[in-house]
2 protein chains.
Amino acid sequence: MDWQQAWDQLGQRGYRKTQQRMIVVKEVFAGGCLQGAEEILSRCREKDGGISMPTVYRTLDMLVDAGLVRRVNLGLGRTWFEPGGPDDDHHHHLVCEQCGKREKIALCPLGIVENEAKRSGFKVRELHFEAVGLCRSCAAKERKK
Amino acid sequence: MDWQQAWDQLGQRGYRKTQQRMIVVKEVFAGGCLQGAEEILSRCREKDGGISMPTVYRTLDMLVDAGLVRRVNLGLGRTWFEPGGPDDDHHHHLVCEQCGKREKIALCPLGIVENEAKRSGFKVRELHFEAVGLCRSCAAKERKK
DNA sequence: TTGTAAATGAAAATCATTTACAAGTAGGTG
DNA sequence: CACCTACTTGTAAATGATTTTCATTTACAA
Ligand SMILES: [Zn+2]
Ligand SMILES: [Zn+2]
Ligand SMILES: [Zn+2]
Ligand SMILES: [Zn+2]
């Protein structure tokens with residue numbers, strides 16, 4: 001999915017098509033995995049100039065509601081965003097807490113968890129599955145200390 | 001492990017044995033899965049009276065550092081604590097976002113993740129693996145709306 | 001008992017995120 | 001096109017969990 005398809009989807013949901021929203025949508029879809037709100041804001045400002053943090057968050061909220069962007073929580077005190085719906089292309093991460101280096105985890109336990117949850121009548125809405133650690137080079141530096 | 005063993009461990013690590021710390025350690029070990037800092041504070045106050053939030057957080061930090069308590073992140077904007085080290089008795093959760101009902105998940109993907117991480121030289125320090133959703137009764141209420 | 005480094009609590013600071021609200025705008029209607 | 005009105009915006013302030021600051025108190029080794 002490219003930004004224009006996402007943009008159309010928002011229109012179909014009745015959201016007004018404003019300049020600011022378009023910029024945010026473009027930037028989020030131009031970026032990759034795990035983008036921070038602050039980072040999205042500054043990228044939008046490089047292109048446009050006038051855009052505010054509340055608008056970034058509001059637009060991200062609607063993108064998440066529309067199932068076009070995923071919200072990812074790494075337990076590091078802030079939220080990350082990435083293009084893609086909850087089903088489509090969904091994946092998990094391995095992140096270096098020192099340098100931020102990141103890679104995707106191939107495995108996804110969602111199916112197993114849903115099965116286990118179903119037994120007690122639980123309906124899973126969000127699966128947090130993220131690993132934080134040290135990449136090879138940061139682990140090496142750590143050892144030298 | 002009971003609170004007195006944990007208490008001894010802290011002593012062996014060179015921490016001073018203060019009244020306040022003892023109360024926090026007792027309460028955390030008296031509680032079960034997923035205790036919030038606010039809840040721990042108020043339970044401590046019922047027993048003692050004079051204890052402050054910073055002290056609760058500071059004591060929890062040292063318990064986590066000492067590997068006696070786990071910090072759990074459910075992606076709900078706050079942190080939960082539970083007695084037990086990272087290896088010993090470690091488990092994951094299924095939590096109802098409406099009523100807070102919780103249960104343990106039998107499955108733990110840590111081994112698989114570590115294996116996958118090892119291939120790229122990553123060392124896993126924290127594995128966040130938590131499912132948030134709706135329990136049977138809250139899902140039923142939700143449907144009526 | 002004393003000295004001193006560590007620990008405490010009150011209050012203030014952080015920091016990501018959200019809200020309030022006055023001013024601006026998209027998009028439909030006539 | 002002109003107008004209306006509900007929806008959006010940005011600024012500034014609020015939030016809420018957690019952390020820091022700092023003056024005061026305390027544990028504990030000598
Ligand atoms: Zn990703
Ligand atoms: Zn690294
Ligand atoms: Zn638990
Ligand atoms: Zn429930």
Side-chain angles (χ1 to χ4, degrees), chain A residues 7-8 10-28 34-45 47-66 69-81 97 100 126 128, chain B residues 7-8 10-28 34-45 47-66 69-81 97 100 126 128:
Chain A
W7 187 235
D8 283 347
L10 288 189
Q12 278 165 34
R13 291 196 141 224
Y15 294 117
R16 289 191 180 173
K17 299 193 160 183
T18 71
Q19 211 38 227
Q20 292 89 329
R21 281 176 187 169
M22 189 171 72
I23 294 159
V24 175
V25 173
K26 266 189 192 169
E27 283 308 318
V28 174
L34 304 183
Q35 306 170 50
E38 196 64 54
E39 171 201 342
I40 293 169
L41 176 68
S42 58
R43 290 212 321 271
C44 289
R45 282 184 165 162
K47 303 273 165 65
D48 181 66
I51 200 161
S52 70
M53 190 53 108
T55 296
V56 169
Y57 275 110
R58 288 187 281 232
T59 307
L60 288 168
D61 279 350
M62 67 209 291
L63 286 165
V64 171
D65 281 352
V69 161
R70 284 189 300 276
R71 212 191 292 275
V72 180
N73 175 287
L74 299 174
L76 298 174
R78 57 184 149 156
T79 304
W80 307 90
F81 299 87
E97 65 191 358
E126 292 174 54
H128 302 293
Chain B
W7 185 236
D8 284 347
L10 287 189
Q12 279 165 35
R13 290 196 143 225
Y15 295 116
R16 289 189 182 176
K17 297 190 162 186
T18 70
Q19 212 35 228
Q20 291 90 331
R21 280 178 189 167
M22 188 170 72
I23 293 157
V24 175
V25 172
K26 266 188 193 169
E27 282 308 319
V28 174
L34 302 182
Q35 307 170 48
E38 197 65 52
E39 171 200 343
I40 293 168
L41 176 69
S42 59
R43 292 213 321 271
C44 288
R45 281 183 166 160
K47 303 275 166 64
D48 181 64
I51 199 160
S52 69
M53 191 50 111
T55 295
V56 169
Y57 275 110
R58 288 187 280 230
T59 307
L60 288 168
D61 279 349
M62 65 209 288
L63 285 165
V64 172
D65 281 352
V69 162
R70 285 189 299 276
R71 208 191 295 275
V72 180
N73 175 285
L74 299 174
L76 298 174
R78 58 186 147 150
T79 304
W80 308 90
F81 300 86
E97 64 191 358
E126 293 175 53
H128 302 292

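Note: hydrogens, waters and symmetry copies are ignored here, and every other heavy atom, side chains too, is used.
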Are side-chain heavy atoms of [X] and [Y] found at a separation under 4.5 Å?
X: Val28(A); Y: Gln35(A); result: yes
X: Arg58(A); Y: Met62(A); result: no
X: Thr55(B); Y: Thr18(B); result: no

Check your understanding: Partners of Glu38(A) by salt bridge (Lys or Arg N to Asp or Glu O under 4.0 Å), sequence neighbours excluded?
Key ->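 In terms of salt bridge (Lys or Arg N to Asp or Glu O under 4.0 Å), with neighbours along the sequence ignored, Glu38(A) is linked to no residue.
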Practice item. Grab the CD-P distance between Glu39(A) and dA16(C) for me, whole Å please. Key: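 The answer, rounded to whole Å, is 13 Å.
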**Study point:** Base-paired stems in DNA chain D, each at least three Watson-Crick or G-U pairs under 3.5 Å
**Key:**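 Looking at DNA chain D, the stems formed by three or more consecutive pairs are C:1-30 with D:1-30.
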Contact class for [X] vs. all strands (heavy atom < 4.0 Å): base, sugar-phosphate, or nothing?
X: Arg21(A); result: sugar-phosphate
X: Arg16(A); result: base
X: Ser52(A); result: base

Practice item. Kindly indicate, with the supporting measurements, whether the criterion salt bridge (charged side-chain N to carboxylate O under 4.0 Å, His left out) is fulfilled by Asp65(A) and Arg71(A). Key: CA-CA 10 Å; Asp65(A) 281 352; Arg71(A) 212 191 292 275; 5.3 Å; no
Point to revise | Ile23(A) CD1 to Lys47(A) NZ distance, which is reported to the nearest 0.5 Å | key: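 Separation between the atoms: 10.0 Å.
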**Study point:** Pro54(B) vs Lys17(A), nearer the 5' end of DNA chain C by closest nucleotide
**Key:**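 Upstream on the strand: Pro54(B).
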Review point. Which nucleotide span of DNA chain D, 5' end to 3' end, has atoms closer than 4.0 Å to non-hydrogen atoms of chain B?
Key: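 Result: dA17(D) to dC28(D).
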Check your understanding: Looking at Lys26(B), Gln12(B), Met22(B), which hits side-chain contact (heavy atoms from CB on, under 4.5 Å) with Trp7(B)?
Key ->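 The passing option is Met22(B).
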Review point. Of all heavy-atom pairs between Glu27(A) and Cys44(A), which one has the smallest distance, and what is that distance?
Key: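 Where Glu27(A) meets Cys44(A) most closely, the heavy atoms are CG-SG, 3.7 Å.
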Check your understanding: Quick one: is dT25(C) close enough that its OP1 or OP2 comes under 4.0 Å of any side-chain N or O from Gln20(A)?
Key ->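 Answer is no, no contact under 4.0 Å.
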Exercise for review: Give a yes/no answer on whether the side chain of Thr79(A) brings an N or O atom under 4.0 Å of OP1 or OP2 in dA16(C).
Suggested key: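 Result: no.
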